[in-house]
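For reference, the structure discussed in these notes is given below.
Below, all heavy atoms of this structure are taken into account, side chains as well, without hydrogens, waters or symmetry copies. Bear in mind the structure is a predicted one, so any value in this text is a computation, not a measurement.
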Amino acid sequence: MDERDIVRGALQATGVVKKGLQLKAGAIAAVVFVVGLLFMGMLFPGGSAQAATCQDTGPGTSDATPISGSSGGQATGTLRQQQISYAKTIDSVAKKHQLPGRATLIALMTAMQESTLQNLNHGHLDSVGLFQQRPSMGWGSKTQIIDPKTGPEFSATSFFEGRGGNPGLIDIKNWQTLPLGTAAQKVQKSAFPGLYAGHESAMRSLAKEAGIDVDRTGTSTGSSTEGTTGTTPVTSENNNCPDSSQNAGGAGSGTFTDGKESWTLNNPRTVDQAIAWAKGQAGFNSTGLWYQRCLAFTANVYGWSFSGVHYAIDHYKVVPASMRHDGDRHPPRGALMYWDTGHRAGHIAVYLGDGKVASNDILRPGYIDVVDAGLFESKWGSKYIGWTPPVFPKAG
């Protein structure tokens with residue numbers, strides 16, 4: 001149903017149905033009112049995808065706002081404040097079981113990948129909560145997992161100890177010496193096993209902000225009688241792979257190229273990791289939290305918690321002029337594409353290759369989908385601006 005269908009229905013409802021019928025003053029007033037609501041955006045908010053604002057209301061922006069319209073025990077405050085609150089809950093459970101800070105770090109990386117550290121009441125199939133645990137698979141009832149007061153602690157306990165026949169972190173052999181992402185995957189059994197590792201740097205930063213010591217000692221099984229292990233844990237530094245925050249250009253050791261020019265990047269994720277993460281958030285896997293948050297999503301794709309810029313159109317301007325490709329419709333994989341939507345914010349999306357982008361709102365308000373890059377012009381009437389390499393000068 002589009003606006004014309006709604007207006008047509010309003011006309012029918014007020015008796016203005018066929019040529020020759022006499023218009024009544026009240027009917028005309030009603031129609032004018034309905035049409036006015038349509039243009040003001042008050043009728044059916046979010047009922048159809050529109051090119052609206054794409055402000056980065058993610059964590060760290062000066063005017064960040066609480067996530068609204070979602071139930072399931074969300075903490076209060078900005079998204080960053082909510083993430084810190086849930087991080088502290090996870091760490092308190094780890095401490096309660098005398099687990100080392102490494103266990104907390106693995107759990108934080110897992111929860112960030114699975115739910116963006118949110119106590120979600122929805123997810124893929126019947127997945128819910130911080131760790132997107134499935135009631136049908138024995139992780140507890142939906143109520144237990146998402147309860148506003150006890151759900152986060154319940155979910156964290158399940159992640160560490162296991163539940164319903166599902167092994168927890170402490171059940172994984174040598175978990176304390178495995179690469180962080182590998183340990184997370186052995187608990188989660190995700191269809192995208194390589195995505196947890198990309199959150200290490202960001203979660204170390206969040207933990208520091210939350211006052212969490214991810215390097216504290218503890219036991220590997222949560223037992224007070226067990227001594228601490230003397231084996232050196234595998235980290236990004238000693239696993240023959242660099243810190244992902246220093247290598248974000250995919251092939252080329254941190255470089256990004258369009259075949260003519262090359263740029264050095266500094267994102268938490270490589271291009272390949274970013275594209276895989278974006279695809280992993282799209283379609284049936286989308287959580288529906290992205291309404292009017294295109295810039296926040298784009299920053300998250302590359303592993304940043306926030307872009308540091310309020311609007312997509314402004315982000316194009318903070319990118320160095322030498323990196324802007326005005327009107328060029330041939331971006332390389334991983335590039336950022338921009339549109340003028342006629343609104344203050346504009347729109348931004350991540351180019352996946354083969355003419356496809358990952359974007360919020362274009363098919364379903366609030367959700368991420370993979371679509372043709374040209375859809376913003378044909379559906380929204382937007383004007384294409386150009387593309388830039390995936391650089392975030394003010395991100396964090």
Side-chain angles (χ1 to χ4, degrees), residues 57-59 66-91 93-94 104-137 139-140 142-160 163 166 168-169 181 184-185 187-193 195-200 202-203 206-207 210 277-291 293 296-297 299-301 303-306 360 366-368:
T57 55
I67 298 297
S68 60
S70 58
S71 58
Q74 295 288 7
T76 59
T78 67
L79 178 57
R80 186 66 166 186
Q81 290 168 342
Q82 293 174 38
Q83 289 172 328
I84 289 175
S85 175
Y86 289 128
K88 289 180 177 179
T89 297
I90 290 172
D91 188 52
V93 174
T104 296
L105 179 58
I106 294 171
L108 293 180
M109 291 165 59
T110 304
M112 178 58 76
Q113 170 59 32
E114 295 291 353
S115 68
T116 321
L117 258 175
Q118 294 286 280
N119 188 22
L120 302 180
N121 66 349
H122 57 275
H124 180 56
L125 299 177
D126 61 334
S127 301
V128 290
L130 286 170
F131 298 92
Q132 290 291 279
Q133 293 156 335
R134 298 181 58 188
S136 64
M137 300 299 290
W139 286 102
K142 181 176 180 178
T143 300
Q144 288 175 310
I145 296 172
I146 68 172
D147 183 272
K149 294 183 178 180
T150 61
E153 182 176 349
F154 180 89
S155 297
T157 300
S158 298
F159 179 81
F160 291 129
R163 195 181 300 276
N166 299 295
L169 182 65
Q185 168 62 9
V187 177
Q188 298 296 107
K189 299 179 176 61
S190 169
F192 302 94
L195 299 182
Y196 298 110
H199 294 286
E200 179 182 352
M203 290 303 94
L206 184 142
W277 191 87
K279 290 180 177 178
Q281 306 302 308
F284 290 115
N285 293 324
S286 182
T287 58
L289 294 176
W290 301 105
Y291 182 59
R293 300 184 65 229
F297 173 71
N300 286 179
V301 166
W304 298 107
S305 294
F306 57 91
N360 62 312
Y367 290 83
I368 304 301

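Using modelled atom types, no side-chain atom of Gln83 and backbone atom of Gln118 make a donor-acceptor pair closer than 3.5 Å. Formation of a donor-acceptor pair under 3.5 Å by the Ser127 side chain with backbone atoms of Gly123 is not found in this model. Here the side chain of Asn166 pairs a donor or acceptor atom with the backbone of Arg163 at under 3.5 angstrom. Remark: the backbone N or O of His122 is paired with a side-chain donor or acceptor of Gln132 at under 3.5 angstrom. Side-chain N or O atoms of Asp126 include one that pairs as donor or acceptor with a backbone N or O of Ser136 at under 3.5 Å.
The CD atom of Gln281 sits 6.5 Å away from the OG1 atom of Thr116 when rounded to the nearest 0.5 Å. Atom CZ of Phe159 and atom CG of Leu130 lie 11.0 Å apart (nearest 0.5 Å). In this structure, Lys88 NZ and Leu206 CG are separated by 10.0 Å, a value rounded to the nearest 0.5 Å. Taking CD from Glu200 and CG from Leu108, the interatomic distance works out to 11.5 Å, rounded to the nearest 0.5 Å. The CD atom of Gln133 lies 8.0 Å from the CZ atom of Phe154; values are rounded to the nearest 0.5 Å. For the atom pair CD1 (Ile84) and CG (Leu117), the distance works out to 10.0 Å, reported to the nearest 0.5 Å.
Between Trp277 and His199, the ring planes are perpendicular. Angles over 60° get that label, and only those under 30° would be called parallel.
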Practice problem: Decide yes or no on side chain to side chain contact (heavy atoms under 4.5 Å, CB included) for Phe297 and Ile368, but give the supporting numbers first. | Solution: CA-CA 9 Å; Phe297 173 71; Ile368 304 301; 3.7 Å; yes

Practice problem: Take Tyr196 and Ser190 through the side chain to side chain contact (heavy atoms under 4.5 Å, CB included) test and state the conclusion after the steps. | Solution: CA-CA 10 Å; Tyr196 298 110; Ser190 169; 3.1 Å; yes

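Among all heavy-atom pairs drawn from Pro148 and Pro152, the shortest one is O-CD, 4.2 Å. Between Gly168 and Val187, the shortest heavy-atom contact is C-CG2, 3.9 Å. For the residue pair Met109 and Ala197, the shortest heavy atom distance occurs at CE-CA, 3.8 Å. When every heavy atom of Ser115 is checked against every heavy atom of Gly129, the shortest pair comes out as CB-O, 3.6 Å. When all heavy atoms are compared, the tightest approach of Gly280 to Asn285 is O-CB, 3.0 Å. In this structure, Ala202 and Gly303 approach most closely via the heavy-atom pair CB-O, 4.0 Å.
Proximity of Ile90 to Phe160: side-chain heavy atoms (C-beta onward) are separated by under 4.5 Å at one or more points. In this structure, Trp139 and Ser155 have side chains that are not in contact, with every pair of non-hydrogen atoms separated by 4.5 Å or more.
Screening Ile146, Thr143, Leu120, Asn119 for a side-chain contact (heavy atoms from CB on, under 4.5 Å) with Val128, the sole residue that qualifies is Ile146.
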